[in-house]
Every structure is written in structure tokens, then in C-alpha cells.
Amino acid sequence: MSTKVRVRFAPSPTGPLHIGGVRTALYNYLFAKKNGGDFILRIEDTDQNRLVPGAEQYIIESLKWIGIDPNEGVGFGDGPHAPYRQSDRKDTYRQYAEQLLQAGFAYYAFDTEADLEQMKASNANFKYDANTRELGKNSLTLSKEEVEKRLSEKEHYVIRIKLPADEDVKFYDEIRGWVIVNTSQMDDKVLLKSDGMPTYHLANVCDDYVMQISHVIRGEEWLPSAPLHVMLYRYLGWEKSMPKFAHLPLLLKPDGNGKLSKRDGDRLGFPVFPLEWTDPKTNEVSSGYKQKGYLPEAVLNMLAFLGWNPGTEQEIFSKEELTEAFSLEHIHKAGAKFDFEKAKWFNAEYIKKLADEELADLVKDNVTAKFGNQDAGYLVRAVSLVKERLVFLNDIELFGYLFQATEKYGETPLSKIVNIKASSFNPGAFETFLKEYTSTDTAALETTLKDFANSNEIKAGDLMKFLRVSLVGELSGPAIPDLIVLLGVEETGRRVTNCFSQL
RNA sequence: GGCCCGUUCGUCUAGGGGUUAGGACAGGAGAUUUUCAUUCUUCAAACACGGGUUCGAUUCCCGUACGGGCUACCA
């Protein structure tokens with residue numbers, strides 16, 4: 001077996017990939033990159049009944065958006081172990097199931113759904129195992145002839161693993177240490193379903209072996225079935241090349257209990273999906289990080305810290321820095337409640353780090369749609385004034401005054417600036433005065449404005465407040481001189497005159 | 001119910017046999033910004049509980065409680 005690190009992310013296309021899945025993918029990716037290994041995307045679509053159209057494409061696009069690029073896999077180019085979609089590998093699983101049959105580690109079971117129901121009804125804690133399989137219709141209880149007959153008549157059957165009655169199964173989890181489970185607690189899981197498809201258990205073990213996966217890094221929900229996988233490796237004769245296991249803590253709901261689920265996002269006002277998703281059946285729309293105005297780098301950083309930390313006090317990490325710092329040892333054991341406030345903070349930090357040009361580029365389409373076409377240079381300057389006020393890219397919509405004048409001013413803002421009405425302020429004189437100011441020096445402009453106030457016997461504070469409302473429409477916003485220089489003296493004059501007329 | 005995993009400020013977490021138990025987010029106060037935001041300073045805030053082991057336990061062990069996961073011909 002090659003010692004090269006090879007890990008995989010193996011989602012099931014049963015719906016949009018949620019943020020917990022993205023984190024699993026991220027940890028796999030970081031681990032691979034850190035160790036100079038490969039990261040593979042494998043689509044686990046063995047449940048043909050739960051397939052959701054578009055889900056596979058969604059998974060691929062989500063990974064692309066956030067910047068997690070598999071070396072091999074569906075949507076990212078084939079590698080040496082193609083295909084990477086389990087439905088396309090269907091034939092290989094039967095071969096291994098038959099190998100187990102031959103070796104006596106598995107058996108045919110013909111029990112119908114009704115049979116199973118009955119067995120469960122007669123025993124509240126029923127499980128198909130060493131103690132109960134004699135009650136079933138299977139190749140262990142039926143005569144050889146009967147089995148042959150049923151098989152040749154194409155009767156529906158499944159193949160189950162045959163587990164010993166009482167044996168400790170032990171494996172080392174890279175995050176949790178030794179885990180020991182006795183087979184008396186396990187059941188004879190179905191390996192091959194009656195439709196000929198493998199279950200997850202068989203398929204993931206076979207594929208991980210064939211694809212030479214070195215580390216299985218997956219969610220904690222798989223911990224209870226890991227012993228079964230260990231038994232499968234053993235029975236298939238692959239125990240020596242069995243991958244190492246690492247079971248990740250789960251992402252929990254921010255309120256209450258349970259793991260984060262699809263509904264939590266829009267219920268609590270934050271996305272749980274990387275990209276917006278429209279359910280093909282119900283047309284129900286679930287919000288996505290991208291559409292809400294998150295930067296992929298920020299989401300990546302935020303996700304990395306939900307359950308992992310570098311052991312230092314640095315929190316802002318680029319993908320490259322994350323790769324450098326990542327290790328399995330620093331993964332926290334307990335589940336993490338999703339922290340929406342922290343997510344917002346990360347995003348705001350990343351927006352602040354953007355160059356004005358980059359930010360302008362990112363909000364351009366939105367601004368154009370909402371406020372019409374903008375001069376490219378103007379947009380860059382406008383955006384630089386409000387950069388540190390944005391939590392989301394979409395927050396640019398809150399600053400329409402940078403692109404459009406307020407026509408009708410609100411009562412509340414107007415009520416705060418009535419002083420100017422009573423003063424000797426004259427809008428015409430102010431416009432004339434302004435037009436003489438041609439510099440872009442904002443500090444000098446501030447002095448000039450104060451001088452204007454003084455020489456006209458107006459309180460500087462009253463003037464400033466009035467200007468603010470005139471330009472912004474509210475009592476908050478960037479510094480007045482910055483605004484005037486950005487908007488230009490003509491536009492400023494127009495807004496001032498209009499505002500004054502409404503007092 | 002059974003089995004497995006877990007438990008440090010409200011949240012994300014660092015740490016680890018002897019520490020003022022550290023940081024970040026959120027919250028409070030203040031400074032700067034004639035506004036707001038930013039920035040800076042500062043305050044408050046935690047080792048679930050009970051037994052061991054030990055000179056000493058938040059740290060190791062056991063139990064309890066609580067939380068989570070699994071318990072399908074789903075992944």
C-alpha cells in the first residue's frame with residue numbers, strides 16, 4: 001500500500017450540501033494539502049430513491065465557490081480510479097459481496113419487509129444478528145437447494161454480513177483514541193440491497209480500499225458504524241491497508257439541541273447552505289452564503305474554526321495559512337454550536353481587508369441593478385468610504401445616497417436640523433461659496449466649512465448636521481468633507497438646496 | 001430503551017497535576033471620530049456534579065447528570 005496521503009469527501013446527492021458537509025470537505029482538503037496528498041470527491045449515490053436532481057451539480061459548484069478543489073473526482077476531472085460516482089461502479093461491489101459469501105463472512109437473506117416487521121414486533125429490541133438469524137429466511141437456515149431455487153427464480157434477496165456473536169472490535173480514532181465495540185451490540189448489516197446496489201457500508205469500504213484512501217475523515221455520525229467497516233476490511237482481507245479513521249465533531253444548532261439542519265438557517269436568519277438552493281419538488285428556496293453577500297474566503301476561515309484551532313491566538317487565516325497550520329490533533333472533540341455572530345465578524349473583517357478596487361468589483365453588479373450605471377472610478381471611491389461599514393457585500397444597498405440623491409427627506413432627520421432654518425444660512429450663497437472650492441483635500445475642506453460657518457454667524461455644529469442630512473438623508477455616515485469631495489460641489493449644492501427647501 | 005461519543009466564560013475555543021485559567025465573538029464602560037461606523041483602552045463572564053488517586057486536580061480514574069450521535073434493503 002502506498003503511504004501517500006489520500007483522503008476523500010463522499011457526499012450523497014440527496015439535496016443541497018450543507019455547511020457541515022462543507023466543513024468536512026474543508027478538513028479533508030486541508031489535511032491532504034498539508035501532507036502533500038490528494039483530495040478526492042466521490043459521489044455516493046447508492047440510494048437511487050433519494051436522489052435529488054441538481055444535487056450533484058450543487059455539490060460541485062459549492063466546492064468551487066468556496067475554493068476547495070479536489071484533485072480527482074466527479075466534476076473535477078478523472079484520476080486513476082475513475083469513475084468516482086458509485087452508481088457507475090455498481091458491478092465492482094457485487095464482486096466483493098460474492099467474495100464474502102464464498103469466504104463465509106456473508107449470507108443471502110430472503111426475508112421480506114413483512115418478515116422483518118414480524119420479527120421486530122415479537123421482540124422490541126430485535127436486530128438481525130448471530131442470535132436471531134436462525135429465525136430468518138436466509139442461506140444459513142434454508143437448504144442449499146432452496147437457496148439455489150430462490151436465486152434462480154430471481155427472488156429478491158439481500159446479502160448480509162455475518163458477524164460473530166461476541167467479539168470485541170477495536171480501532172483507533174485519530175481524534176478520539178481507542179474505540180471498542182462488541183459485536184454483540186452490532187447487527188448483520190445489509191451489504192448488497194435487493195436492487196443490486198451496495199449499501200453505504202460496503203461501497204465506502206470497497207472504494208476507499210480501491211482508491212487507496214489513507215485517512216477517512218468524516219462526521220461523527222459514522223462513529224457507530226466504524227466497527228462494522230473494520231470488520232469488512234478484515235473479512236475482505238484488507239486489514240493491513242485499512243485507512244486511519246478520524247471522526248469529526250458535529251455542527252449543532254445555535255439554539256436548542258441537535259445537529260444543524262436544513263430548516264435552522266432560515267428559521268434563525270442565517271444560511272446553512274453555501275449557495276442558494278431551490279427545492280426542485282416544492283420550489284422552496286433556501287438562502288445561500290454567496291447570495292447573502294459573504295466572501296468565500298471568510299466562510300472558509302469561519303468554518304475552519306468551528307471545531308478546530310491552530311493553538312495560537314491568530315484567527316484570520318488565508319486558505320494557504322490554514323493549510324500550513326492544520327492538523328488533526330487540534331480538532332476539538334465536542335460538537336460546536338454554529339455561531340452566526342462570529343460568521344458576520346469574519347465576513348466584515350474580510351471585507352475590510354479588500355482593496356477598494358476589489359470591493360468595487362464585487363458590488364458593481366448589485367449597485368448597477370439597484371442604482372443604475374456608475375463610473376468605475378467613482379464606484380471605487382464611493383466604496384472606500386463605506387468599506388468598514390459593510391458586514392455583507394449586499395449591505396452596499398444601504399448606502400444608496402452615494403449613488404442617488406434623496407428627493408424627499410424624512411421628518412425625523414429634518415426635525416434635528418431646524419436650527420439651520422433659523423440661522424442666517426442661505427443655500428444660494430453656500431452653493432456659490434462651494435463652487436469656489438476645487439481641491440480634493442478633505443482636511444482643508446473641513447477648515448473651509450468651519451470658516452464659512454463662522455463668517456456667516458452659523459454654529460459649525462448646526463452647519464455640519466445640516467450638511468449631513470442633506471447629503472445622506474440621515475444623521476450618520478462618513479465624514480462630511482469626504483462626502484462632498486466624493487459627490488462633487490455641484491451635486492452637494494443641489495442636495496443642500498433641496499434639503500433646505502423642505503425645512 | 002441499548003450502544004458509542006462528548007462536557008472550560010452566553011458562543012467559538014486555548015491550556016493543562018501547583019496558572020491572576022488565556023484569546024476571539026457577542027455584551028457593558030470609556031477615548032478618538034463635531035455624527036455613525038472603524039480603531040484603541042477597559043469591565044464583566046467559565047473548568048457540570050460527586051467520589052477517588054495525589055502533598056496538591058479544572059487537568060488523571062470511576063460514577064452521576066446533562067448534551068450529542070447511532071440504532072433502515074438512508075447516507
Side-chain angles (χ1 to χ4, degrees), chain A residues 10-15 21 44-50 86 109 111-113 116 120 124-128 156-160 173 175-177 179-182 184-187 189-201 203-204 218-227 247 249-250 252-259 302 305-316 330 332-346 348-349 352 385-391 416 446 449-450 459-465 467-469 472 474-480:
Chain A
S12 175
T14 51
E44 310 227 328
D45 58 348
T46 52
D47 186 348
Q48 298 293 302
N49 301 319
R50 293 205 311 152
Q86 289 183 328
D111 311 276
T112 62
E113 211 171 309
L116 261 13
K120 281 176 194 167
N125 284 327
F126 178 82
K127 63 185 169 60
Y128 213 111
H156 279 334
Y157 66 87
V158 298
I159 295 175
R160 286 182 183 272
D173 185 278
I175 295 171
R176 290 153 213 287
V179 177
I180 304 163
V181 179
N182 193 281
S184 63
Q185 305 298 333
M186 299 161 64
D187 63 342
K189 280 267 181 289
V190 170
L191 264 21
L192 203 73
K193 299 185 273 188
S194 59
D195 66 357
M197 289 296 271
T199 56
Y200 169 85
H201 304 107
N204 102 77
R218 85 243 277 199
E220 196 185 353
E221 70 266 32
W222 295 109
L223 196 51
S225 58
H247 290 94
L250 265 17
L252 273 17
K253 297 177 198 292
D255 66 338
N257 316 310
K259 65 175 172 178
M302 177 271 291
F305 270 73
L306 234 36
W308 171 87
N309 78 87
T312 66
E313 286 178 358
Q314 183 184 348
E315 294 209 74
I316 300 292
H330 275 112
H332 197 72
K333 288 183 176 68
K337 285 186 183 170
F338 185 85
D339 187 350
F340 182 44
E341 290 302 327
K342 198 71 177 265
K344 292 202 290 195
W345 176 78
F346 270 113
E349 288 299 306
K352 275 182 275 197
L385 285 194
V386 295
K387 187 157 70 175
E388 74 243 12
R389 292 158 197 273
L390 305 182
V391 173
K416 308 277 187 183
E446 182 167 348
L449 289 171
K450 281 179 187 166
K459 275 187 183 164
D462 286 344
L463 204 225
M464 290 303 199
K465 252 199 242 177
L467 288 176
R468 169 163 307 287
V469 172
V472 173
E474 292 162 32
L475 282 135
S476 65
I480 306 286

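Residue numbers begin at 1 in each chain, while the letters A, B, ... track the order of the sequences.
- Remark: A:Glu341 engages A:Lys344 in a salt bridge (charged side-chain N to carboxylate O under 4.0 Å, His left out) (not counting sequence neighbours).
- Comparing the C1' positions of B:A31 and B:C49 gives an interatomic distance of 44 Å, to the nearest angstrom.
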Between the protein and nucleotides 31-37 of chain B, list the N/O to N/O atom pairs that are separated by less than 3.5 angstrom.
residue : atom : partner  : partner atom : Å
B:U34   : OP1  : A:Glu446 : OE2          : 3.4
B:U34   : O4   : A:Ala460 : O            : 3.3
B:U35   : O2'  : A:Leu475 : O            : 3.1
B:U35   : O2   : A:Arg468 : NE           : 3.3
B:U35   : O2   : A:Leu475 : O            : 3.2
B:U35   : O2   : A:Gly477 : N            : 3.2
B:U35   : N3   : A:Arg468 : NH2          : 2.8
B:U35   : N3   : A:Gly477 : O            : 2.5
B:U35   : O4   : A:Arg468 : NH2          : 3.3
B:U35   : O4   : A:Gly477 : O            : 3.0
B:U35   : O4   : A:Pro478 : O            : 3.4
B:U35   : O4   : A:Ala479 : N            : 3.2
B:C36   : O2   : A:Arg389 : NH1          : 2.0
B:C36   : O2   : A:Arg389 : NH2          : 2.8
B:C36   : O2   : A:Gly477 : N            : 3.2
B:C36   : O2   : A:Gly477 : O            : 3.4
B:C36   : N3   : A:Arg389 : NH2          : 2.6
B:C36   : N3   : A:Gly477 : O            : 3.1
B:A37   : O2'  : A:Glu388 : O            : 3.1
B:A37   : N3   : A:Glu388 : OE2          : 3.1

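- Look at the C1' atom in both B:A26 and B:G10: the space between them is 8 Å, to the nearest Å.
- As judged by a 4.0 angstrom heavy-atom cut-off over every strand, A:Lys387 is placed among residues making no nucleic acid contact.
- Distance, A:Glu349 CD to B:C25 P: 8 Å, rounded to whole Å.
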Practice prompt. Assign a letter to each nucleotide of nucleotides 70-75 of chain B from its 5' end: B, base within under 4.0 Å of a protein heavy atom; S, sugar-phosphate only; -, no contact.
Written response: S--BBB

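- Spacing of C1' atoms, B:G67 relative to B:U35, comes out at 47 Å, to the nearest Å.
- A:Leu116 has its side chain within reach of A:Tyr128: a pair of non-hydrogen atoms, C-beta onward, lies under 4.5 Å apart.
- Here the options are A:Lys342, A:Glu349, A:Met302, the test is side-chain contact (heavy atoms from CB on, under 4.5 Å), and the partner is A:Glu315; only A:Lys342 passes.
- Pair check for B:U7 finds B:A65; Watson-Crick or G-U wobble, both atom distances under 3.5 Å.
- At most 12 non-hydrogen atoms from other residues, nucleotides or ligands lie less than 6.0 angstrom from CD of A:Glu113.
- By the salt bridge (charged side-chain N to carboxylate O under 4.0 Å, His left out) test, A:Glu388 is found to be paired with no residue, residues two or more places apart in sequence or in another chain being considered.
- Crowding of A:His330 atom NE2: a count of heavy atoms from other residues, nucleotides or ligands under 6.0 Å exceeding 12.
- Shown here, B:C36 forms no base pair; nothing in the strands shown gives a Watson-Crick or G-U wobble contact with both key distances under 3.5 Å.
- Between B:U19 and B:G27, the distance separating the two P atoms is 33 Å to the nearest Å.
- If you take atom C1' in B:C36 and the same atom in B:A14, they sit 35 Å apart, rounded to whole Å.
- Base pairing analysis places B:G1 opposite B:U71; the two distances defining the Watson-Crick or G-U wobble pair are each below 3.5 Å.
- Listed candidates were B:C5, B:U38, B:G2. Nearest to the side chain of A:Val179 is B:C5.
- Taking atom C1' in both B:G30 and B:U13, the straight-line distance is 28 Å, to the nearest Å.
- Using cut-offs of 30° and 60° for the angle between ring planes, the A:Tyr200 and A:Trp222 rings count as parallel.
- In this structure, B:C55 forms a base pair with B:G18, meeting either the Watson-Crick or the G-U wobble geometry with both donor-acceptor distances under 3.5 Å.
- The C1' atoms of B:G22 and B:U8 are separated by 11 Å, rounded to the nearest whole Å.
- Nucleotide B:G27 is matched to B:C43 when pairs are restricted to Watson-Crick or G-U wobble geometry with both distances under 3.5 angstrom.
- In the model, A:Tyr157 has no side-chain atom that pairs as donor or acceptor with a side-chain atom of A:Asp111 under 3.5 Å.
- The side-chain contact (heavy atoms from CB on, under 4.5 Å) test applied to A:Glu313 returns no partner, not counting sequence neighbours.
- Ion pair A:Asp187/A:Lys189 flagged as a salt bridge, since at least one NZ, NE, NH1 or NH2 atom sits closer than 4.0 Å to an Asp/Glu carboxylate oxygen.
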Between the protein and nucleotides 11-15 of chain B, are there any N/O to N/O pairs under 3.5 Å, and if so, what are the atom names and distances?
residue : atom : partner  : partner atom : Å
B:U11   : O2'  : A:Asp339 : OD2          : 3.3
B:C12   : OP1  : A:Lys337 : N            : 2.8
B:C12   : O2'  : A:Phe305 : O            : 3.1
B:U13   : OP1  : A:Gly307 : N            : 2.9
B:U13   : O3'  : A:Asn309 : ND2          : 3.0
B:A14   : OP1  : A:Asn309 : ND2          : 2.6
B:A14   : OP2  : A:His332 : ND1          : 2.8

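- Atom C1' of B:G51 sits at a distance of 14 Å from the matching atom of B:A65, rounded to the whole Å.
- At a cut-off of 3.5 Å, with distance as the only test, no side-chain donor of A:Arg176 or A:His247 sits close to an acceptor on the other residue.
- In this structure, the side chain of A:Arg468 engages the main chain of A:Ser476 through a donor-acceptor pair within 3.5 Å.
- Taking atom CH2 on A:Trp345 and atom P on B:A24, their separation rounds to 9 Å, with Å as the unit.
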